[in-house]
A.B. asks: 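Right, I'll just put the structure down here and ask away after.
The figures that follow rest on heavy atoms only: side chains count, while hydrogens, waters and symmetry mates do not. Whatever order the structure lists ligands and atoms in, that order sets their numbers, starting from 1.
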Amino acid sequence: MTKKHTAFSGIQPSGTLHIGNYLGAIKQWLPLQNDHDCIFAVVDYHAITVPYQPIDMRGRILDAALDYLAAGLDPKKVTLFVQSRVPEHTELAWLLSTVTPLSELHRMTQYKEKAAQYSAAINTGLITYPILMAADILLYNTHVVPVGEDQEQHVELTRTIARKFNKRFGETFTVPKVQLTEAKRVMSLADPTRKMSKSLGPKHYVALTDDEKTIRAKVAKAVTDIGGTPQGELSPGVRNLFMLLKEFGQTADYLRFENAHAGGTIKYSELKAAVADGIVKHLTPFQERRSALAREPKKIWAILEHGAERARPIAQKTMARVKQAMGLI
Ligand code: TYM
């Protein structure tokens with residue numbers, strides 16, 4: 001039997017995940033768990049590169065794990081763990097930093113955005129962030145990295161780092177590939193020229209934990225036509241709503257609204273109601289599973305600890321190989 005390929009991905013514990021995180025990342029993890037060795041991490045070390053309240057962090061980690069599990073990840077099939085419980089991540093990041101050109105880090109879009117957002121307090125972790133992400137991926141001999149489009153540049157850098165290391169110290173790392181979905185870039189509801197993101201504020205995203213009333217209100221206020229869209233093209237807001245309609249399984253509605261749009265008879269209030277129906281239909285069972293899981297936090301922490309125990313030996317084996325290649329042992 002041929003060995004299964006490995007998939008690795010991570011999500012920052014940002015409190016509430018939104019439908020962008022779900023459609024861009026988690027949704028594509030679900031089929032992978034059946035034919036890949038899957039390793040998924042709650043990347044707490046990445047989350048502390050921006051200001052945060054220490055008292056909230058454990059709760060945020062638990063929330064992310066609940067989202068993973070309620071979305072359908074099966075802890076019997078996949079390894080789920082918290083990044084800081086496997087110290088090899090930061091250890092490898094240091095070693096990789098010695099082959100990573102600083103100029104590459106300065107090019108990273110996410111760094112530029114975050115540096116602008118937190119210009120009063122740019123810490124070193126914000127710029128070295130992609131090296132830690134490369135370490136996350138390379139520790140597990142990863143073949144596939146299923147993420148949203150905003151992380152593609154970081155995966156590209158990971159490939160560069162892996163190749164540079166292999167060239168300098170001999171074949172050590174598997175060079176991973178990015179995997180994107182059709183919904184690789186879900187846009188903000190309130191400003192569809194920008195990516196849906198928690199940091200923009202609540203009216204910009206639908207959280208996986210938003211109740212029906214909130215979901216309907218947010219979608220009803222979504223920006224549609226903003227003018228300036230060339231004839232025959234969908235404006236960014238309308239394109240985003242169509243994409244959501246498709247992703248949340250309203251195929252018949254999708255075709256109906258597509259025809260209405262082509263014929264110039266579309267009513268955006270109806271399109272929005274159909275999008276909200278699809279999201280509510282999808283998130284209701286998710287939220288029910290999530291509330292049931294949330295009643296037993298100890299079980300969730302045990303799953304995460306068990307995951308770290310499974311991840312550690314793989315990470316340790318890679319570290320031994322890396323140190324040997326570098327002449328350190
Ligand atoms: P993070 O926590 O910002 O986002 C988690 C995942 O959600 C995707 N995503 C989106 N996809 C589509 N549309 C959107 N609007 C949207 N917003 C977010 C992201 O692309 C990501 O897949 N650096 C990473 C976390 C990380 C990681 C890793 C990922 C750390 N180490 C190793 C993969 C492999 C991040 O900040 O994702």
A.B. asks: For atom 17 (N) of ligand 1, which protein heavy atom lies nearest, and how many Å away is it?
C.D. replies: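 Residue, atom and distance for the closest contact: H18 CE1, 3.6 Å.
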A.B. asks: Give a yes/no verdict on whether any heavy atom in S197 is under 4.0 Å from an atom of ligand 1.
C.D. replies: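 Flag not set, S197 not near ligand 1.
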A.B. asks: Taking distance alone, with N or O pairs closer than 3.5 Å, would you say Y129 contacts ligand 1?
C.D. replies: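 Between Y129 and ligand 1 (N or O atoms, distance only) the closest approach is under 3.5 Å.
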A.B. asks: Identify the protein heavy atom lying closest to atom 6 (C) of ligand 1, giving its residue, its atom name and the separation to 0.1 Å.
C.D. replies: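 That would be A25 CB, 3.7 Å.
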A.B. asks: Quick one: does A183 get a heavy atom under 4.0 Å from ligand 1?
C.D. replies: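 Yes, A183 has heavy atoms under 4.0 Å from ligand 1.
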A.B. asks: Among all protein heavy atoms, pick out the one at the shortest distance from atom 25 (C) of ligand 1; state its residue, atom name and that distance to 0.1 Å.
C.D. replies: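 So the nearest neighbour among protein heavy atoms is G10 O, 3.5 Å.
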A.B. asks: Tell me: protein heavy atom nearest atom 5 (C) of ligand 1, and distance?
C.D. replies: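 Answer for atom 5 (C) of ligand 1: I11 CG1, 3.4 Å.
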A.B. asks: Are K281 and F248 in a cation-pi contact, defined as NZ or CZ under 6.0 Å from the six-membered ring centre and within 45° of the axis?
C.D. replies: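 Verdict for F248: no cation-pi partner in K281.
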A.B. asks: Counting non-hydrogen protein atoms only, what is the nearest one to atom 31 (N) of ligand 1? Give residue, atom name and distance.
C.D. replies: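 The closest heavy atom on the protein side is D136 OD2, 2.7 Å.
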A.B. asks: Please determine whether residues L208 and V186 belong to a single hydrophobic cluster, defined as Ile, Leu, Val, Met, Phe, Trp and Tyr linked transitively by side-chain heavy-atom distances below 4.5 Å.
C.D. replies: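 Yes: a chain of side-chain contacts under 4.5 Å links L208 to V186.
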A.B. asks: In the protein, what heavy atom is nearest to atom 13 (N) of ligand 1, and what distance, to one decimal place, separates them?
C.D. replies: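 The closest heavy atom on the protein side is V186 N, 2.9 Å.
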A.B. asks: Would Y205 count as a contact residue for ligand 1, given that I'm defining contact as a non-hydrogen atom of the residue lying under 4.0 Å from a ligand atom?
C.D. replies: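 Not so, Y205 does not reach ligand 1.
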A.B. asks: If you group Ile, Leu, Val, Met, Phe, Trp and Tyr by side-chain heavy-atom gaps below 4.5 Å, do L138 and F81 land in one group?
C.D. replies: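 Both belong to a single hydrophobic cluster.
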A.B. asks: Between G20 and ligand 1, is there a nitrogen or oxygen pair with a distance under 3.5 Å?
C.D. replies: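 Yes; at least one N/O pair falls below 3.5 Å.
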A.B. asks: Measure the distances from the heavy atoms of L23 to every atom of ligand 1 and state whether one is below 4.0 angstrom.
C.D. replies: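 In this structure, L23 fails to qualify as a contact of ligand 1 - no heavy atom is under 4.0 Å.
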A.B. asks: Can you pull out the closest protein heavy atom to atom 32 (C) of ligand 1? Residue, atom name and distance to 0.1 Å, please.
C.D. replies: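 Residue, atom and distance for the closest contact: F8 CE2, 3.5 Å.
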A.B. asks: Report yes if some N/O of G148 lies less than 3.5 Å from some N/O of ligand 1; otherwise report no.
C.D. replies: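 Yes - when backbone and side-chain N and O of G148 are compared with those of ligand 1, one distance drops under 3.5 Å.
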A.B. asks: I want to know if ligand 1 touches D150 in the polar sense, i.e. an N/O pair below 3.5 angstrom.
C.D. replies: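 Yes, D150 has an N/O under 3.5 Å of an N/O on ligand 1.
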A.B. asks: So do L30 and Q33 actually touch side chain to side chain, heavy atoms under 4.5 Å?
C.D. replies: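 Yes, at least one pair of side-chain atoms sits under 4.5 Å.
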A.B. asks: Nearest heavy atom to atom 7 (O) of ligand 1 wins, so pick from L17, N21, L200.
C.D. replies: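 Nearest heavy atom to atom 7 (O) of ligand 1 lies in N21.
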A.B. asks: Does an N or O from H154, backbone or side chain, lie closer than 3.5 Å to an N or O of ligand 1?
C.D. replies: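 In this structure, H154 places no N or O atom under 3.5 Å from an N or O of ligand 1.
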A.B. asks: Ignoring hydrogens and geometry, is there a side-chain-to-backbone donor-acceptor pair from T172 to G170 under 3.5 Å?
C.D. replies: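 Here the side-chain-to-backbone pair exists.
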A.B. asks: Less than 4.5 Å apart, side chain to side chain, heavy atoms only: is that true for P75 and L69?
C.D. replies: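 In short, these two side chains touch, coming nearer than 4.5 Å.
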A.B. asks: Among all protein heavy atoms in this structure, tell me which lies nearest to atom 2 (O) of ligand 1, with the distance rounded to 0.1 Å.
C.D. replies: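 Sorting protein heavy atoms by distance from atom 2 (O) of ligand 1 puts Q12 N, 2.9 Å first.
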A.B. asks: Scan F40, F8, Y22 and name whichever one has a ring-ring contact (aromatic ring centres under 6.0 Å, His included) with W29.
C.D. replies: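 When F40, F8, Y22 are each tested with W29, the ring-ring contact (aromatic ring centres under 6.0 Å, His included) holds only for F40.
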A.B. asks: Any idea which part of V155 is under 4.0 Å from ligand 1, heavy-atom wise: side chain, backbone, both or neither?
C.D. replies: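 The answer is neither.
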